[in-house]
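In what follows, a structure is listed as structure tokens, so that the remarks can point back to it.
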Protein chains: 4
Amino acid sequence: MQSPPPVPRATGRPRSAAADAAILAATREALVELGWSKLTLGDVAARAAVAKTTIYRRWPGKNELVVDAVAELFDELRLPDRGTLAADIEGVVLQFAAILARPEAKSGLMAVVAESTRDDALRERIRASIVDRQKRLVLEGRARAQARGELPPESDPGEASRTVDLIFDVVAGAVVHRTLVSAEPADEEWVRGFTRVLLLGLAGASQTV
Amino acid sequence: MQSPPPVPRATGRPRSAAADAAILAATREALVELGWSKLTLGDVAARAAVAKTTIYRRWPGKNELVVDAVAELFDELRLPDRGTLAADIEGVVLQFAAILARPEAKSGLMAVVAESTRDDALRERIRASIVDRQKRLVLEGRARAQARGELPPESDPGEASRTVDLIFDVVAGAVVHRTLVSAEPADEEWVRGFTRVLLLGLAGASQTV
Amino acid sequence: MQSPPPVPRATGRPRSAAADAAILAATREALVELGWSKLTLGDVAARAAVAKTTIYRRWPGKNELVVDAVAELFDELRLPDRGTLAADIEGVVLQFAAILARPEAKSGLMAVVAESTRDDALRERIRASIVDRQKRLVLEGRARAQARGELPPESDPGEASRTVDLIFDVVAGAVVHRTLVSAEPADEEWVRGFTRVLLLGLAGASQTV
Amino acid sequence: MQSPPPVPRATGRPRSAAADAAILAATREALVELGWSKLTLGDVAARAAVAKTTIYRRWPGKNELVVDAVAELFDELRLPDRGTLAADIEGVVLQFAAILARPEAKSGLMAVVAESTRDDALRERIRASIVDRQKRLVLEGRARAQARGELPPESDPGEASRTVDLIFDVVAGAVVHRTLVSAEPADEEWVRGFTRVLLLGLAGASQTV
DNA sequence: CCCTAAACGAGACGGTACGTCCCGTCTTATG
DNA sequence: CATAAGACGGGACGTACCGTCTCGTTTAGGG
């Protein structure tokens, strides 16, 4: 049984749940219209029809608010069952690229990552809210491929974990770089080429350690 | 024959070249100490012992200044001749990772990339000053490998160009993601693993088109 | 009956009355030390231990602030009862001269008058805050002299108003010119001579229309 | 004997006399269009088709330049011979009022007077260039009136000098105050009334010392 | 007739203040 | 207690001028 959360004395007026949602939605709206650097909490407050203090009561600052607003976008990601490992990966990479193509993600994500290089708490928040939360996709995909017999069951758990991390860095990094720096669309053709290279590379590497 | 450059009527006091250098150096220094978001042009001016207007006369704003300050860092990159393609790539990726590990690069680079999602001129500046300028390494590396017989001469130039872009997105993206998002060091072991996957993938892909 | 003031919806934190007073006092202090042209709102803010925005929230700019700061000085003027019209006038002219001799008045007053030649709103503010407010002295003095029998009750109100204006222009103008342009003290001797000329002139003029 | 002026070695290119005139004219033009506070030396330089340094070589700053530019306006004043002292005075006061009504005089004159309260050299320059230079009018007028027998020859020279100063303060002060502060025109009617009061006052005062 | 030295135009320079924007905190009254 | 409203102290912005400087160019005497 789950013990009840350590209720911190719920006296006084309770916080409005509607306000939370309105603030996050207003943040995404402002990201689309203004981008990260011109987004101001005063503006978000006005869009959400909320006082500035109501935002500060919930988030320490702009960075944390944006992390939470953007994190929700990535929860849409699903691992489609397209029959083969390659097709599954292509599917999820395309979804990932589609999210990154949206201005509220583009604009906010890189900015908070940049900030996180000097703010450990922020980096931890990003990892927890966004990155680690999506590693489920890699694990799920591998399990499915093993069930299909496309991949052998891994023997060395340490090695397996390192491989997951590598996959994640390569996939996320390549898509982000293609989208933001090269400013070219990560479309189906590109994803197909990229996926082939990735899978061949992983297959080859696992054989020739 | 080279026609003489269209002299733009050099009247008035010429701009100080020393100021340019001092400003870029001060910018990198401030990036190390303060990070991008707390860097102010007033502070840079003070460090460079220069007036704010002297900066604004040369750069439109903080973003463009940081791009130029960071771009200089990447000019250090050299393709070492380590005998094999794999070793050469490992060498340059390690150098790239070393630069990205420096706080003045970390802090500034992602921030301007984030800004560039809403500013086409800035993105173009980044591409011209940083990205395209380093594609020379990929081209050089391929040429050397072909000379060694490790790679066949490419037949389809369009395909070759797409491959260069893909390599660049994968290498730069993966190293950046590893360094900034995963916040793990891109050390020799990781680079070796990554390079093996990349080369095997590329080799496999080129055979099985 | 007095209808209630049109309450302007007093929501939010009310403005600090202490800040108003501190700002005006700081302005006078700065006028003394720096003079009008070297007075900066940033300096005033620092002296008043107040943010610049707090000043801009209340006054549109330096000119209006100085008008209000100087206007308070002239509220000290009192019409003394010295027994005769001539002595009363001498008394008030001396007080006026004493105020004009103070650096915070000298420095600020002429400057805002100069500015007002190109700014109708400013001129109106000066007239309302300073000039018209002190015409009370002329009216009071005339009433007292009429009560004493020194002056006949005026018959033509238009003529009377013109006379008040003339007196004001002559008195204020002469004292200001003596103090600021000629840079000689408007001391008792000068005031006595000036008052005699003024009264004899007015007396003669009223008889010989 | 007057020794020759200490010629400062007249070598090199001589200063352009045309520039002097162009600068003063441009200053007056800028005073009309912009007023004193928005007048900048850069703007004057541009209007005069002259480099900023050419202005600074001749005048220490904006204040001194404006004094010289305005002073020229007052050299137009002439004492007309209208037959009687009263009419002569009315004539010159009207001329004075006409000059003061011009925006280049209004705007500049009060401003430099204001500045002069904190700058003795500037006050001296104003007195020498503008005020004392026009006292000739008072002296001329008195001499003419004495020739006509309207005024007796003065006996006490000190008293006479004090009277000139008083007249000047009263006349200049009243007209300035009327024009700038009261912002009413010093037209013929007003001047007639003012002159009558002044002359009657002076006449009465000289008899009843 | 050239030489010389100052004046000149142009515009960059180190500075100061501007007036605005936003931050994150506070002080009200209201719910 | 939470909330809407908005004033507050503070700090950076990007701009406008200041008065000085450093260039290359022009221009009148004096040798």
Side-chain angles (χ1 to χ4, degrees), chain A residues 8-16 19 37-43 45-46 48-62, chain B residues 9-19 37-43 45-46 48-62, chain C residues 9-16 18-19 37-46 48-62, chain D residues 8-16 18-19 37-46 48-62:
Chain A
R9 184 64 193 108
T11 178
R13 177 171 168 178
R15 288 201 183 158
S16 156
S37 66
K38 302 203 170 170
L39 177 154
T40 71
L41 290 206
D43 187 277
V50 137
K52 268 199 298 176
T53 41
T54 301
I55 300 182
Y56 280 107
R57 213 168 278 123
R58 290 161 162 79
W59 287 275
K62 176 167 152 175
Chain B
R9 183 68 190 106
T11 179
R13 177 174 172 176
R15 292 208 179 153
S16 157
S37 65
K38 303 204 170 169
L39 177 153
T40 70
L41 290 208
D43 186 276
V50 136
K52 259 198 304 175
T53 44
T54 299
I55 301 182
Y56 281 107
R57 213 171 277 127
R58 290 162 163 77
W59 289 276
K62 179 167 152 174
Chain C
R9 185 65 190 107
T11 179
R13 178 173 172 178
R15 292 210 178 148
S16 158
S37 65
K38 303 204 169 167
L39 177 153
T40 69
L41 290 206
D43 186 277
V44 170
V50 137
K52 261 199 304 175
T53 44
T54 300
I55 300 183
Y56 281 107
R57 214 170 276 126
R58 291 161 162 77
W59 288 276
K62 180 168 152 174
Chain D
R9 183 69 190 104
T11 179
R13 177 173 171 179
R15 289 200 182 159
S16 157
S37 65
K38 303 204 169 168
L39 178 153
T40 71
L41 289 206
D43 186 276
V44 170
V50 136
K52 266 198 301 174
T53 42
T54 302
I55 300 183
Y56 280 107
R57 214 170 277 126
R58 289 160 164 79
W59 288 275
K62 176 168 152 175

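Labels below follow one simple rule: chain letters A, B, ... track the order of the sequence lines, proteins then strands, and each chain is numbered from 1.
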| query | Do Lys52(B) and dG14(F) have a side chain to base donor-acceptor pair shorter than 3.5 Å? | reply | yes

| remark: Walking DNA chain E from its 5' end, the first of Arg57(B) and Asp43(A) to be reached, judged by nearest nucleotide, is Arg57(B)

| query | Could you give the CZ-to-P distance, from Arg15(B) to dC23(F), as a whole number of Å? | reply | 16 Å

| note | 5'-most contact on DNA chain F (nearest-nucleotide basis), Pro60(D) vs Gly42(B), goes to Gly42(B)

| said: Is it the case that dC21(F) (base atoms only) and Arg13(B) (side chain only) share a donor and an acceptor within less than 3.5 Å, ignoring hydrogens and angles? | reply: yes

| request: Kindly give the heavy-atom pair with the smallest separation between Ala19(D) and Arg58(D), and that separation in Å. | output: CB-NH2, 3.7 Å

| query | Below 4.0 angstrom from OP1 or OP2 of dG9(F), is there any side-chain N or O of Thr54(C)? | reply | yes

| Under 4.0 Å: is that the gap between some side-chain N or O of Thr53(C) and OP1 or OP2 of dG9(F)? | no

| said: Distance check, rounded to the nearest 0.5 Å: Ile55(A) atom CD1 versus Lys62(A) atom NZ? | reply: 12.0 Å

| request: First locate atom OG of Ser16(A), then atom CZ of Arg57(A), and finally report the distance between them rounded to the nearest 0.5 Å. | output: 11.0 Å

| message | At less than 4.0 Å, is any side-chain N or O atom of Arg58(B) found next to OP1 or OP2 of dC13(E)? Yes or no. | response | yes

| message | Reading DNA chain E from 5' onward, which residue's closest nucleotide shows up sooner: Ala49(D) or Ala19(B)? | response | Ala49(D)

| task | Find the distance Leu41(C):CG to dT16(E):C1' and express it as a whole number of Å. | result | 14 Å

| request: Take Gly61(B) and Pro14(A), find for each the nucleotide of DNA chain F with the closest heavy atom, and name the residue whose nucleotide sits nearer the 5' end. | output: Pro14(A)

